[in-house]
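Remarks on the structure that follows.
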Amino acid sequence: MKSVVSLSEAISKVKSGDIVGISGFLGVGEPFELIEELVKQNQQDLTLVSVVTSHPGKEVGVGRLCENHQVKKYIAAHVGTSAAAQREYFSKAMEVEFTPMGTVVERLHAAGAGLGAVLTPTGVGTILEKDYEKVERNGREYLVYDPLKIDVALIKATKADKYGNLYIDGTTKNISLQLALAADTVIVEANEIVEAGEINPNDIYIPGILVDYVVQSLTPEEHHKMMGDLWTETKKLAGVN
């Protein structure tokens, strides 16, 4: 059986200087409680991997790590929804490696699958050419990206069983599977923890063999209310009725 641990014990597995991958897209499918504990423990000089920054309008999720000056380098497609991330970037306190979303996904997949590189036509003819090798195959040009191996993945799941098998609902899946494949250590924040067999095998998105630690998160009802309150607050800040 997998280790069901406290937030503090789970995040103690993250060390200063680690490469940390975090699931989610604009707050959806993001492990907010694991992130808040990471802010509390204050590990420094992190390299952060996610497709974008967190929920717009308020510093939550990955934006909190930037706000707390814990991120040395951020690998993402854009960081425009976090004022803290922008401040860190423009002040040169944090490096940003701008990488297209699909390329982030493929680099993680390559690391998990043991592949040597990713070849993609995305970015050919742009400023990305100055940072990456360009090759030609079958009459077409591609940029070459190295696999993206990470030390720790922080993943949000809808439901986990006690063997670490995960059900992740709908679009909250995001890059969770690719992170789990690419990481040395996988920590999961789940709304529900159930007995083995209570998740239909056809609904398991990430198998327990990839998971190291599970943390009990907000209940489904609490999580739904939290997200609803967050979006309502953001609409008010934007002046939207």
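Within the 4.5 Å cutoff, no side-chain heavy atoms of Val188 are placed close to those of Val215. Here the side chains of Val28 and Lys156 are not in contact, with every heavy-atom distance at 4.5 Å or above. Under the 4.5 Å side-chain criterion, counting only non-hydrogen atoms from C-beta, Ile168 is in contact with Ile206. Under the 4.5 Å side-chain criterion, counting only non-hydrogen atoms from C-beta, Gln43 is in contact with Ser16. In this structure the side chain of Val49 never reaches within 4.5 angstrom of the side chain of Ile22, judged on heavy atoms. Side-chain atoms of Lys134 and Val144, non-hydrogen and from C-beta on, never get closer than 4.5 Å to each other. Taking the side chain as every heavy atom from C-beta outward, Val20 and Thr47 never approach each other to under 4.5 Å. Taking 4.5 Å as the limit, some side-chain heavy atom of Ile187 sits within range of a side-chain heavy atom of Val152.
For Ala10 against Val5, the heavy-atom pair with the smallest separation is CB-CG2, 3.7 Å. The two atoms that bring Met94 and Cys66 nearest to each other are SD-SG, 4.0 Å, heavy atoms only. Among all heavy-atom pairs drawn from Ser82 and Ala85, the shortest one is OG-N, 3.0 Å. Minimum heavy-atom separation, Leu179 to Ser23: CD1-N, 3.5 Å. For the pair Ser54 and Val62, the tightest heavy-atom approach, listed with the atom from each and the gap, is N-CG2, 3.5 Å. Of all heavy-atom pairs spanning Val214 and Ala190, the tightest one is CG1-CB, 4.4 Å.
Phe32 and Val39 are members of different hydrophobic clusters when ILVMFWY side chains are connected at heavy-atom separations under 4.5 Å. Under the 4.5 Å side-chain heavy-atom criterion for Ile, Leu, Val, Met, Phe, Trp and Tyr, Val96 and Val52 are members of distinct hydrophobic clusters. There is a path of hydrophobic side-chain contacts, each under 4.5 Å, that joins Leu177 to Val104. If you chain together hydrophobic residues whose side chains sit under 4.5 Å apart, Leu38 and Leu34 fall into the same group. Under a hydrophobic-cluster definition in which Ile, Leu, Val, Met, Phe, Trp and Tyr are linked whenever side-chain heavy atoms come within less than 4.5 Å, directly or via other members, Val105 and Val118 are assigned to different clusters.
Side-chain N/O atoms of Thr103 and Thr122 include no donor and acceptor closer than 3.5 Å. Side chains of Thr120 and Glu106: no donor on one and acceptor on the other come within 3.5 Å. Of the N and O atoms on the side chains of Asp169 and Tyr167, at least one donor lies less than 3.5 Å from an acceptor on the other residue.
In this structure, the side chain of Glu59 engages the main chain of Ala84 through a donor-acceptor pair within 3.5 Å. Counting only distance, with no hydrogens or angles, the side chain of Asn174 and the backbone of Gly24 share a donor-acceptor pair below 3.5 Å. At distances below 3.5 Å, not a single donor-acceptor pair connects side-chain atoms of Glu88 with backbone N or O atoms of Glu67. A donor-acceptor distance shorter than 3.5 angstrom exists from the side chain of Thr126 to the backbone of Leu128, with no hydrogens or angles considered. Judged purely by atom type and a 3.5 angstrom limit, Asp161 uses its side chain to pair as donor or acceptor with the backbone of Tyr163.
The ring pair (Phe, Tyr, Trp, His ring centres under 6.0 Å) analysis of residues 67-97, with sequence neighbours excluded, yields the pairs Tyr89-Phe98. Every pair passing salt bridge (Lys or Arg N to Asp or Glu O under 4.0 Å) that includes a residue from residues 173-190 is listed here, sequence neighbours excluded: Lys149-Asp184. Applying the salt bridge (Lys or Arg N to Asp or Glu O under 4.0 Å) rule to pairs touching residues 12-39 yields Glu36-Arg64, sequence neighbours excluded.
Once rounded to the nearest 0.5 Å, the distance linking CD1 of Ile35 with CD of Gln70 reads 10.5 Å. Between atom CG of residue Leu143 and atom CG of residue Asp131 there is a gap of 9.5 Å, rounded to the nearest 0.5 Å. The line from CD of Gln178 to NE2 of His109 is 7.5 Å long, rounded to the nearest 0.5 Å.
Ionic pairing of Lys73 and Glu97 is present here: one or more N-O contacts between side-chain nitrogen and carboxylate oxygen are shorter than 4.0 angstrom.
Proximity of the aromatic rings of Tyr145 and Tyr132 is defined here by a centroid distance below 6.0 angstrom, and this criterion is met.
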